[in-house]
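So that the names make sense, note that chain A is the first sequence line, chain B the second, and so on, each numbered from 1. Because only heavy atoms are used, hydrogens play no part in the values below, and waters and symmetry mates are left out as well, while side chains stay in. Computed from a predicted model, the values in this text were never measured in an experiment.
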Amino acid sequence: MPTKLLLNNEHIPGINTLQVYRNNGGYASVEKALKQMTPEAIVEEVKISGLRGRGGAGFPTGMKWSFLAKPAGVPRYLVCNADESEPGTFKDRYLMEKIPHLLVEGMITSSYALGCNTAYIYIRGEYFYVSRILENAIAEAYAAGYLGSNILGTGYNLNLYVQVGGGAYICGEETALLESLEGKRGNPRIKPPFPAIAGLYGCPTVVNNVETIAAVVPIVNNGGEAYSKIGIGKSTGTKLISASGHINKPGVYEIELGIPVEEFIYSDSYCGGIRNGKQLKAVVAGGSSVPVLPTELILKTAAGQPRLMSYESLSEGGFQTGTMLGSGGFIVMDEDTSIVKNLYTFTRFYHHESCGQCSPCREGTGWMEKIMHKILDGHGTLKDVDLLWDIQSKIEGKTICPLGEAAAWPVAAAIRHFRHEFEAYVMQPSSIKDVKHYYRLNNIEPIPA
Amino acid sequence: MPKVTIDGFSIDVPEGTTILQASRILATEGKMPDAHVPPAMCYYTKLKTSGGYCRTCIVKVSKGSEKDPRPMPKPVPSCRQTVMDGMEVQNLTAPDLLEARAGVVEFLLINHPLDCPICDQAGECHLQDLSYENGNAGTRYEFARRTFDMIDIGDKIKLHMNRCILCYRCVKTAEQITDGRVHGVISRGDHAEISTYIEQAIDNDFSGNVIDVCPVGALTDRTFRFKSRVWFTKPMDAHRKCDKCCGKTAVWLSGNDVLRVTARKDKFGEVEDWICNECRYDKKQIGDWTIEGPRKIERHSVISQNHYESLRQLKVDISNQKKLLEVAHVADIKQN
Amino acid sequence: MLNNLNIMNNEIKFSAEALAIVKQMISRYPDGKQKSALLPVLHLAQAEFDGWLSVPVMDYVASLLSIKPIEVYEVASFYSMYNLKPVGKCTLEVCRTSSCWLMGAEDIVRHIQNRLGIKDGQTSSDGMFTLKTVECLGSCGTAPMLQCGAKYHENLTLEKVDELLDKLATDNKRTTYLDIV
Ligand SMILES: Cc1cc2nc3c(=O)[nH]c(=O)nc-3n(C[C@H](O)[C@H](O)[C@H](O)COP(=O)(O)O)c2cc1C
Ligand code: SF4
Ligand code: FES
Ligand code: FES
């Protein structure tokens, strides 16, 4: 049985209620942390665990926590990033919906470790119904004395609130999230200062992903050492993977980091292989912003080693032949998929989501979408493909926040690995209809554009 | 005091100085040619939290500091990046940086109407200067440009949103020097626009300064619009006793007619002192002013070339504008 | 341009319960930071006032939070969930991003368009439905999907869409993000 640390109790009926959750070992980390551990000791355990941020960047959580400034007399905040809007990613929603108390427990334990007396969960507005589930869980936790003042008689006080967003991917970027939480437009801030020094309301703030916070619970319960033994290399612990696309069993899977990608795609414990007996064509392994890889490079590295589900293995070969684990949004495409059309949906997405503050992203994303549209319409030229390449290179690295890169990388990777497909669109526009596999699947006549 | 070197020119500056400020000091003190100062379209010394948006001021940091000599991995906005002791910066000396900047300029231009010949700002437009100096000839953008309706913000200010580059200067001016902001940035991404949303007038003694901070022709003075090309007017330093502002202005004359009044700007295009609306709009008689003498326009811009150099240069500039115009979609050039 | 002046004669004012919720929302933030409540209060306002935010409604929200109207316009126009124009009783928000596209979102959109005779962004002539294509809603594993009000409708087929539209039309109720599902 592969180790599960977060979703081990997901199938227990009523696990969303405090009663059942507690009967199954819930809130033990709060008891242990508040009654037996100092905040510093918890931070130390998190460092030892090797836990890396699950929101996409993979920054070591213990180190991030130790950067938090602690000036006297100034409040500190913990903000949970539940904005989850990276296409292909839906694990946070799953976790919050199924086991809301795990997040609440993690927030309490983490807030105690960071010395925060107020914490917020910022959840994307579209998940309104999930925010209600969280609010119910929080109300239960208050009633049971896990939240509020003098928690479990230890003298520690914490208020925890849920804040809903208004619909904007960019609010997943941590400084945009803080702006939004302050009731403003979700414009990313220019850094420095980083949130650890000046975050929410100008006070020191830690922003962590839902899954990161949840992982603090088993780390405190079992110790950082035990956590660090799971996984491989610097990819310790378990990771929630959101699997979608042309697979037999889409869904959220908790994996031990380090299992082979091939096993993940084909094993019946996970994706269960490609639908309808088709062949695999390509995978976007870590959410829309990471480079797409063709079958040969996602199953094996350029050096011929099996590719593993870990931070290091997925990025082996850099962007030439590798990709990133990112947020764990694993999108699988079968042999009939048009990479160009799929890229178009990404390009349109980033254009739609650019906040508009800085010129390369504001103007470049729209320009790329227009060119992609032109190519798909059969009016593209080879020069347009080169122009796309040039535009993405001029966005990358010149923007305020990483959305610029997130928009540039998928374009670069698609052209790098599937240039022939762009050329087919450009040279023989009539081939376009052939790749619209879903028409065939659904027996529908394509409607002329 | 940290020492920073920009394109080989070194200077010691106080802690917390940005690369852009350091290079302006070098140029002002005559220790470095002006051309090495990075162009800045959104940063404004007088406005807190300005800068960082347009990305034209990017530079390459080839050595981070004495302590940590590693180069910085990406180009940095010089208006926001503070110097460290021993930092080495490349601007004109790094061809890859110049190419990256040309990319930024291209982004700023793809949706900007190339209507310079009918734009009131022509001749004193920073984007015009920027594209001459850092851009590539021609455009690779072949789609229809974004268009917005024009808006009158009260009876004194015209907002021509098509030309706006979203530098946020006017919003910050309104927020920081007037007592109530009624205009701001609405919508998102490349639909974002400066707007009052429901076209309220900005009525505040200092609101006219938003015109002076606008680097392009998006906010213009309705009391001056189309009266004359700027290069046919004579800018004079002038002053009057004013109980609201410093009263020190530049008046733009045609013969003895005061066509327009603006704040005085330094060689980096920034206002020296804010002026009030009374001075700007209501004092349009030559007798209202004590004329100090011709204003020296130091900036190496189109305007100074036309004004202080030979007529030949004027012709060159006009033909440059024509060239720019040829590559634009004719349909995009809407009358006014 | 978003210059819609709302021509509503009714007085714009939250109900007593809604006002109590607003008060409670404001209490979540430190003193003086009541602007933080803006996004949640706008959701509430949209649900209370016919599914969209008119200028008078936004001005009312500004007054509740003691901020300037422009601060509300800036925010309301930034986020995609706030409607600045009237919408139908039920807004069908169909995801069109990668995973949903792979699983046939275009067919779903086309089916709705044909059935209702409207295009993306339009409202059916009876004022019942507005069709909106949206970006990834975090339901990629159960694609294709659409959101209507608070509810996610997942693993869609054309038949399921038909059933849903029939049911919504029979219920004839306004759906909002605040619905309990
Ligand atoms: C454009 C953009 C979108 C992001 N979206 C999310 C998101 O939806 N959820 C998330 O947890 N992190 C997101 N991030 C990453 C956050 O900025 C931040 O790194 C993260 O919340 C830190 O938490 P972690 O260290 O626990 O991963 C995004 C970053 C960028 C640049
Ligand atoms: S990169 Fe894009 S999303 Fe990020 S600040 Fe710039 S315009 Fe906004
Ligand atoms: S002047 Fe520095 S980014 Fe605009
Ligand atoms: S792609 Fe449609 S919900 Fe994610």
Side-chain angles (χ1 to χ4, degrees), chain A residues 75 84-90 92-94 118 120 124-129 132 159 161 163-169 171 180-187 201 242-246 250-252 284 288 329 331-334 337 341-342 345-346 348-349 352-353 355 438-439 441-442 444 447, chain C residues 25 28-30 32-43 65 67 71-72 74-82 93 95-107 110-111 114 134-143 147 149-152 155 157-158 176-181:
Chain A
E84 186 164 75
S85 319
E86 173 101 351
T89 314
F90 45 96
D92 295 340
R93 168 176 164 231
Y94 188 84
T118 308
Y120 297 92
R124 68 179 293 185
E126 293 89 343
Y127 288 177
F128 219 111
Y129 78 97
R132 291 201 192 271
N159 284 314
Y161 305 106
Q163 172 94 349
V164 289
Y169 165 65
C171 291
S180 182
L181 185 45
E182 291 180 9
K184 302 180 196 153
R185 297 161 64 81
N187 287 339
Y201 310 126
S242 320
S244 68
H246 298 139
V252 176
V284 174
S288 58
I331 309 172
V332 179
M333 290 171 255
D334 73 14
T337 310
K341 182 76 193 267
N342 184 63
T345 72
F346 286 158
R348 182 175 59 192
F349 172 81
H352 188 258
E353 300 301 334
C355 85
Y438 49 87
Y439 288 133
L441 291 179
N442 298 316
I444 304 173
I447 295 177
Chain C
M25 281 171 179
R28 298 171 182 172
Y29 318 101
K33 303 294 181 193
Q34 75 285 353
K35 186 177 172 183
S36 276
L38 180 53
L39 272 70
V41 172
L42 283 175
H43 278 302
L65 296 178
I67 55 180
E71 298 180 76
V72 181
E74 285 184 327
V75 165
S77 63
F78 184 91
Y79 296 94
S80 61
M81 292 171 77
Y82 303 118
E93 302 184 75
C95 171
R96 61 180 186 178
T97 318
S98 170
S99 304
C100 284
W101 167 72
L102 290 170
M103 301 304 283
E106 286 186 340
D107 299 331
R110 197 170 290 119
H111 183 70
N114 290 343
V134 298
E135 303 297 344
C136 180
L137 292 177
S139 190
C140 330
T142 43
Q147 176 169 23
K151 190 155 173 57
Y152 275 35
N155 292 313
T157 59
L158 303 188
T176 83
Y177 295 119
L178 275 61
D179 293 343
I180 308 231
V181 294

Legend entry - Parallel, tilted or perpendicular, as decided by the 30° and 60° cut-offs, for the rings of A:Y120 and C:Y29: parallel
Legend entry - Main-chain N/O of A:N342 paired with C:S98 side-chain donor or acceptor, under 3.5 Å: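 No: the side chain of C:S98 does not pair with the backbone of A:N342.
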Inset, instruction - Using a strict cut-off of less than 4.0 Å between a Lys/Arg side-chain nitrogen and an Asp/Glu carboxylate oxygen, indicate whether C:E71 and A:R185 qualify as a salt bridge. - result: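 Salt bridge flag = no for A:R185 with C:E71.
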Inset, instruction - Could you tell me the separation between the OH atom of A:Y161 and the OG atom of C:S36, rounded to the nearest 0.5 Å? - result: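 Output value for this atom pair is 12.0 Å.
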Legend entry - Distance, nearest 0.5 Å, that separates CG of C:L39 from CG of A:L181: 9.5 Å
Inset, instruction - Carefully, step by step, assess C:F78 and A:S180 under the rule side-chain contact (heavy atoms from CB on, under 4.5 Å). - result: CA-CA 10 Å; C:F78 184 91; A:S180 182; over 6 Å; no
So do the side chains of [X] and [Y] get within less than 4.5 Å of each other, counting heavy atoms only?
X      : Y      : answer
A:C171 : C:Y79  : yes
C:Y152 : A:Y129 : yes
A:R348 : C:W101 : no

Inset, instruction - Could you tell me which portion of C:L178 (side chain, backbone, both or neither) has an atom closer than 4.5 angstrom to a non-hydrogen atom of chain A? - result: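 For C:L178, the contact with chain A is made by backbone and side chain together.
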Inset, instruction - Pick one of side chain, backbone, both or neither for C:V181, based on which atoms fall under 4.5 Å of a heavy atom in chain A. - result: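 Contact with chain A: side chain only.
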Inset, instruction - State which residues pass side chain to side chain donor-acceptor pair (under 3.5 Å) with C:E135; sequence neighbours excluded, sorted by chain then number. - result: C:R96, C:T97
